[in-house]
A.B. asks: 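I'd like to ask some things about the structure below.
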Number of protein chains: 2
Amino acid sequence: MTMLPAVIRRRPANVQVAVDLVILTVRDGHLAVLIIDRGNEPYLGRSALPGGFLHEGEDLLHAAERELHEETGLQGLASHLEQVGTYSAVDRDPRGRILSVAYLAVVPNLPSPVAGTDAVDARWTGIDTGPLAFDHNVILCDAVERARTHLENTPLAASFCQEPFTIGDLRSVYEAVWGVALDPRNFHRKVTGMDGFVVPTGTMRHPPTGRPASLYRCGPARTLYPPLQRPPRG
Amino acid sequence: MTMLPAVIRRRPANVQVAVDLVILTVRDGHLAVLIIDRGNEPYLGRSALPGGFLHEGEDLLHAAERELHEETGLQGLASHLEQVGTYSAVDRDPRGRILSVAYLAVVPNLPSPVAGTDAVDARWTGIDTGPLAFDHNVILCDAVERARTHLENTPLAASFCQEPFTIGDLRSVYEAVWGVALDPRNFHRKVTGMDGFVVPTGTMRHPPTGRPASLYRCGPARTLYPPLQRPPRG
DNA sequence: GCAAAAGTGTTGCTTATACACCCATGT
DNA sequence: ACATGGGTGTATAAGCAACACTTTTGC
């Protein structure tokens, strides 16, 4: 420890805190993320994750809910929100010292691309989107990995579906997020045999063609035991 | 919900950022956490997790490493550090708006309680410690749960051991963190049969009584597949 | 020899996978 | 009839828990 630098380095950092959202859904059998085009400097015109600054008198989860509502119109418990991590590289934002807390939001496939208010340039893209502003590629990668893991251990997949949903709906979520094909018969047995994952509504959905499927809602389970194991990394 | 004018609530929050550490180890077959007695207001004299403010010019991981070094004398890659989450309740700190980013540190059983510098009142206690300052009980709970999960999917358990270690050492870590008894024979087979978890050194350790045990180091694997499944919650 | 901890073999049960097969509907 | 997706049964394989048994040391 040197004397002079110590005086400088011991100063508590003066920081601002932003919240960035990774909003995931499944569209056309593929995992998609909501991306906006930035309207301000820095990175003007560049693609980025939606987000904004933490306001006075609100905690991070409220800030994330507010941003989610502004971007998608979704509100309340209709979606699943979870903290992914906090990103703090000193040079991550050219405006100064800004920490970003990333949240993962999983929403059902929305009818219109976005019913948001502020970010009119929002759009859904595949998760292999091009370069994003700031460190948003890293954040996106971490959030997707988190979603994949949570599919194994929690009923998160149901958050991708609008209730009520069929077992086939649920399976297509797993296939899209994990990027693998699953056996429909074994998947059906595993999910319906699991305790508290899904509960039948007693009603049916009639697809354009094929046998009607039983409809389900999300059950009371918060964790899946045993987990639905993802096939080996290939 | 207060009726504050919108113009106030839209102001970006002015916050400070702290880093709090959950430093875990295994002592006498039990999971233990490093706790300090606070020397300043607020919560003067109360037990708390070690921590401090983020400094200028350092990111969160560096701040966590600095704090860990100040508290335990440990430095560099000898330990495992991982972000657990960011805690942001508006009233979590009476001094004002202070966010805390929690880090989990897993260290081998240290010879002396603590070889630290600053916090002379640091001590190891069981994880069922009494009430802590701030929201530190919640942070501790989250961090322990994270460690338990990571034992299933990563070679984290080796971070609790000083290298080289025996399979029995490793097993006692699982038993302490999970709080269950495991079959030594099946555990041995599972771990040694796993790809890249542990690599034999070729040397032996002679216990005071009993057959000598082969010594191992941590292998190259970063994730365990298939995971070492924890027995059902009971 | 005896206690203690390491390590191996074996058995029986549980679970997963692959796939044959039947069901119910729209066209 | 036939295409399409929903759902059940079953055989084979893989994995796991339980435990008998052998090995290697200190005393």
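Below, chain A is the first sequence line, B the second, and so on; all start at residue 1. Computed from a prediction, not measured in an experiment: that's the story for all the values here.
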A.B. asks: Applying the side-chain hydrogen bond (donor to acceptor under 3.5 Å, both in side chains) criterion to A:Arg66, which one of A:Glu71, A:Gln75, A:Glu58 satisfies it?
C.D. replies: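 In the set A:Glu71, A:Gln75, A:Glu58, the residue that makes a side-chain hydrogen bond (donor to acceptor under 3.5 Å, both in side chains) with A:Arg66 is A:Glu58.
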A.B. asks: Between B:Asn186 (CG) and C:dA5 (P), how many Å, whole number?
C.D. replies: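 B:Asn186 atom CG is separated from C:dA5 atom P by 18 Å.
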A.B. asks: Would you say the side chain of B:Phe134 lies within less than 4.5 Å of the side chain of B:Ile139, judging by non-hydrogen atoms?
C.D. replies: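 When only atoms from C-beta onward are counted, B:Phe134 and B:Ile139 do not touch, as no gap falls below 4.5 Å.
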A.B. asks: I would like to know whether B:Arg205 and B:Asp169 meet salt bridge (Lys or Arg N to Asp or Glu O under 4.0 Å); could you show each step before the answer?
C.D. replies: CA-CA 11 Å; B:Arg205 173 186 300 165; B:Asp169 294 342; 2.9 Å; yes
A.B. asks: Calculate the interatomic distance between A:Arg230 atom CZ and C:dA16 atom P; express it in whole Å.
C.D. replies: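 Rounded to whole Å, this separation is 17 Å.
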A.B. asks: Whole Å only: how far is the CD atom of B:Gln229 from the P atom of D:dA17?
C.D. replies: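 B:Gln229 atom CD is separated from D:dA17 atom P by 9 Å.
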A.B. asks: Can you tell me how far P of D:dG7 sits from CG of A:Leu170, to the nearest Å?
C.D. replies: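 In whole Å, D:dG7 P and A:Leu170 CG are 12 Å from each other.
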A.B. asks: For the residue pair B:Ser47 / B:Arg123, report whether a side-chain donor-acceptor contact shorter than 3.5 Å exists.
C.D. replies: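 Yes, side-chain donor-acceptor contact under 3.5 Å.
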A.B. asks: Between P on C:dG7 and CG on B:Asp169, what's the gap in Å once rounded to a whole number?
C.D. replies: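 After rounding, the reported distance stands at 11 Å.
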A.B. asks: Counting just side-chain N and O atoms, does A:Ser214 come under 4.0 Å of either OP1 or OP2 of D:dG7?
C.D. replies: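 Looking at the OP1 and OP2 atoms of D:dG7, one of them is under 4.0 Å from a side-chain N or O of A:Ser214.
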A.B. asks: Under a 3.5 Å cutoff, is there a donor and acceptor pairing between the side chains of A:Asp20 and A:Tyr87?
C.D. replies: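 Checked: A:Asp20/A:Tyr87 side chains show no N/O donor-acceptor pair below 3.5 Å.
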A.B. asks: Report the distance from atom CZ of A:Arg185 to atom P of C:dA16, rounded to the nearest whole Å.
C.D. replies: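 Answer to the nearest Å: 17 Å.
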A.B. asks: Which is more 5' along DNA chain D, the nucleotide nearest A:Pro207 or the one nearest B:Arg189? Just name the residue.
C.D. replies: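 Closest to the 5' end, via its nearest nucleotide, is A:Pro207.
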A.B. asks: Using heavy-atom distances to pick each residue's nearest nucleotide on DNA chain C, tell me which of B:Ala213 and A:Pro226 is more 5'.
C.D. replies: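 On the 5' side of the pair lies B:Ala213.
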A.B. asks: Side chain of A:His206: nearest nucleotide among C:dG26, C:dA20, D:dA18?
C.D. replies: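 Of the candidates, C:dG26 comes closest.
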A.B. asks: Taking N and O atoms by type only, does the side chain of A:Arg171 place a donor or acceptor under 3.5 Å from a partner on the base of D:dG5?
C.D. replies: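 No, no donor-acceptor pair under 3.5 Å.
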A.B. asks: So, OP1 or OP2 of D:dG6: does either fall under 4.0 Å of a side-chain N or O from A:His188?
C.D. replies: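 Result: no.
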A.B. asks: How long is the line joining CE of A:Met204 and P of C:dC23, in whole Å?
C.D. replies: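 Going from A:Met204 (CE) to C:dC23 (P), I get 15 Å.
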A.B. asks: Can you tell me if the side-chain N/O atoms of A:Lys190 get under 4.0 Å from OP1 or OP2 in C:dT17?
C.D. replies: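 So the side chain of A:Lys190 is within the cut-off, an N or O lying under 4.0 Å from OP1 or OP2 of C:dT17.
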A.B. asks: Establish whether the base of C:dA24 is bridged to the side chain of A:Arg211 by a donor-acceptor pair shorter than 3.5 Å.
C.D. replies: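 Under the 3.5 Å cut-off, the side chain and the base do not form any donor-acceptor pair.
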A.B. asks: Rounding to an integer number of Å, can you tell me how far B:Phe187 CZ sits from C:dT8 C1'?
C.D. replies: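 The answer, rounded to whole Å, is 17 Å.
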